[in-house]
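We count residues from 1, following the sequence as given.
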Amino acid sequence: MARTKHLTMSRALVVLAQRGVEAEAAARKNLNATYRRFMAEADPERKDEAGRDLIRAVFGKDAIAEDPIF
């Protein structure tokens, strides 16, 4: 990466670390928003979907196996 972007190795490490911190902050923000949406939802169907979104935010997008029958 350092060579293709014309960076020193130290600067490349700083850039990678910064991207990691930004990705973690974005994931935390998404998790908080999803949690707030789940807690605020009153409609059972919408709360179920918000709950599934919350599970995906915590465990990953493939955390819930989709059943094609339902």
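- When the side-chain contact (heavy atoms from CB on, under 4.5 Å) test is applied to N30, the partners found at least two apart in sequence or on another chain are T34, A57.
- Annotation: the span from R56 atom CZ to L31 atom CG amounts to 14.5 Å, rounded to 0.5 Å.
- We find the CZ-CG distance between F38 and D48 to be 9.0 Å, quoted to the nearest 0.5 Å.
- Separating the CD atom in E49 from the CG atom in L54 is a distance of 11.5 Å, to the nearest 0.5 Å.
- Residues passing the salt bridge (Lys or Arg N to Asp or Glu O under 4.0 Å) test with E45: none are found, sequence neighbours excluded.
- Paired with S10 under the rule side-chain contact (heavy atoms from CB on, under 4.5 Å), one option of V14, L13, T8 passes, and it is T8.
- E41 meets the side-chain contact (heavy atoms from CB on, under 4.5 Å) test with D43, R46, K47; sequence neighbours excluded.
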